[in-house]
Amino acid sequence: MCYKLITFDFTGTLMRFRIPPHVQYEKIANLYGVEIKNNQAFRQNFKTAFKTVANKHPNFGCNTNLHWTQWWVKVVKNTFIGAGVEDSQHLDAIAWHLIKLYSTTEGWEVVPGVKKVLHLLKQKGKRLGVISNMDPRLNNILHEAGLIHNFEFILTSYEAKCFKPQAGIFKLALEKYSKESTEPSESCHIGDSYKEDYLGAVQAGWGAILVNESSNSLDINKWCANFEEFDDTLLTA
């Protein structure tokens, strides 16, 4: 299949954290004089806090009318409080500092090999887009990273009001942003999550390629370890 439209996931696919979130949180906490006494508990608690808030307020709060910035304030504060840090105005200040930091390339870096692959696909005349479980900061991050010009559209789960692996976000991408009539079978999504990206796309009738060190036992034509090893024949297999 020679795909007309190719979309990419953002987090972990196009760009990644410059340093692990718990390390970034610790650095910013130090600026505000907040001491973390149990570093091990703190490092484990970020994922717990994220999942807890996400379960109660899915999709960065858009499904429960919680503003996305307040959603992140809850995640940040719960990360600290769950590790034994007392709630205070300092935690609110830390949360807003991190929200702004992760709105820019201070918190993100381009994944190696991405720019080469995007350039190759653009040269071949492919139409490119982004489909990401992300909040409204995405456009600014991609702009600062010098990537945004590659894409015809950027679709966040927050805007779509549904999120990968739900089929609705892939359907919306074709309905709202496709400049020409494009069938799901003529579209391919590339990402690093087997569940959200690969299975989500396949269940929506799209083609899919997993870019991850772990192949989940996929056929070699559906997977590569990283973008530095990416071969565009994957898009015609």
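FYI, the numbering just counts along the sequence from 1. Note that these values count all heavy atoms, side chains included, but never hydrogens, waters or copies made by symmetry.
Counting heavy atoms from C-beta outward, Asn63 and Phe163 have side chains that approach closer than 4.5 Å. Using a 4.5 Å cut-off on side-chain heavy atoms (C-beta onward), Leu118 and Phe151 make contact. In this structure, the side chains of Leu91 and Val76 stay at 4.5 Å or more apart for every pair of heavy atoms. Using a 4.5 Å heavy-atom threshold, the side chains of Ile209 and Cys188 count as touching.
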Exercise. Please assess Gln40 against Arg43 for the test side-chain contact (heavy atoms from CB on, under 4.5 Å), listing each intermediate value before the final yes or no.
Key: CA-CA 5 Å; Gln40 184 175 358; Arg43 294 177 183 187; 6.0 Å; no

Q: Step by step, work out the side-chain contact (heavy atoms from CB on, under 4.5 Å) result for Ser187 and Arg127.
A: CA-CA 10 Å; Ser187 310; Arg127 298 173 51 238; over 6 Å; no

Q. Do Ser157 and Asn59 pass the side-chain hydrogen bond (donor to acceptor under 3.5 Å, both in side chains) test, and can you show the C-alpha distance, the side-chain angles, and the key distance before you say yes or no?
A. CA-CA 7 Å; Ser157 61; Asn59 199 8; 2.7 Å; yes

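For Lys126, the NZ atom counts as densely surrounded, since its 6.0 Å shell holds more than 12 non-hydrogen atoms of other residues, nucleotides or ligands. The local environment of NE2 in His67 is crowded, with over 12 non-hydrogen atoms from other residues, nucleotides or ligands closer than 6.0 Å. By the neighbour-count criterion of 12 heavy atoms within 6.0 Å, atom NZ of Lys171 is sparsely surrounded, having that number or fewer from other residues, nucleotides or ligands. Within 6.0 Å of CD in Gln123 there are more than 12 heavy atoms belonging to other residues, nucleotides or ligands. Summarising the local packing, NE2 of His90 is surrounded by 12 or fewer heavy atoms from other residues, nucleotides or ligands at distances under 6.0 Å. Atom NZ of Lys195 has 12 or fewer heavy atoms from other residues, nucleotides or ligands within 6.0 Å.
The aromatic rings of Tyr25 and Phe80 sit parallel, their planes meeting at an angle under 30°, below the 60° perpendicular limit.
Here the options are Thr7, Thr13, Asn139, Leu142, the test is side chain to side chain contact (heavy atoms under 4.5 Å, CB included), and the partner is Val130; only Leu142 passes.
Put simply, Leu234 and Val202 are part of two different groups of oily side chains (I, L, V, M, F, W, Y) that touch within less than 4.5 Å, one to the next. Taken together through direct or relayed side-chain contacts under 4.5 Å among Ile, Leu, Val, Met, Phe, Trp and Tyr, Ile169 and Leu199 form parts of separate hydrophobic clusters. The hydrophobic clustering, which links ILVMFWY residues whose side-chain heavy atoms are closer than 4.5 Å, places Ile19 and Leu98 apart.
Evaluation of the side chain to side chain donor-acceptor pair (under 3.5 Å) rule for Glu159 yields Lys176, Tyr177 as partners, not counting sequence neighbours. Lys124 is linked by a side chain to side chain donor-acceptor pair (under 3.5 Å) to Asp232, counting only residues two or more places apart in sequence or in another chain. Scanning for salt bridge (charged side-chain N to carboxylate O under 4.0 Å, His left out) contacts around Glu183 gives an empty result, with sequence neighbours left out. Remark: Arg16 pairs with Glu109 by the side chain to side chain donor-acceptor pair (under 3.5 Å) rule, at least two apart or across chains.
The closest donor-acceptor contact from the side chain of Asp197 to the backbone of Leu210 lies at 3.5 Å or more, if one exists at all.
Taking the six-membered ring for Trp and the full ring otherwise, the centers of Tyr158 and Trp71 sit at least 6.0 Å from each other.
Pairs engaging residues 33-42 under the salt bridge (Lys or Arg N to Asp or Glu O under 4.0 Å) rule: none recorded [sequence neighbours left out]. Within the structure, the side-chain hydrogen bond (donor to acceptor under 3.5 Å, both in side chains) test picks out no pair touching residues 198-209 (sequence neighbours left out).
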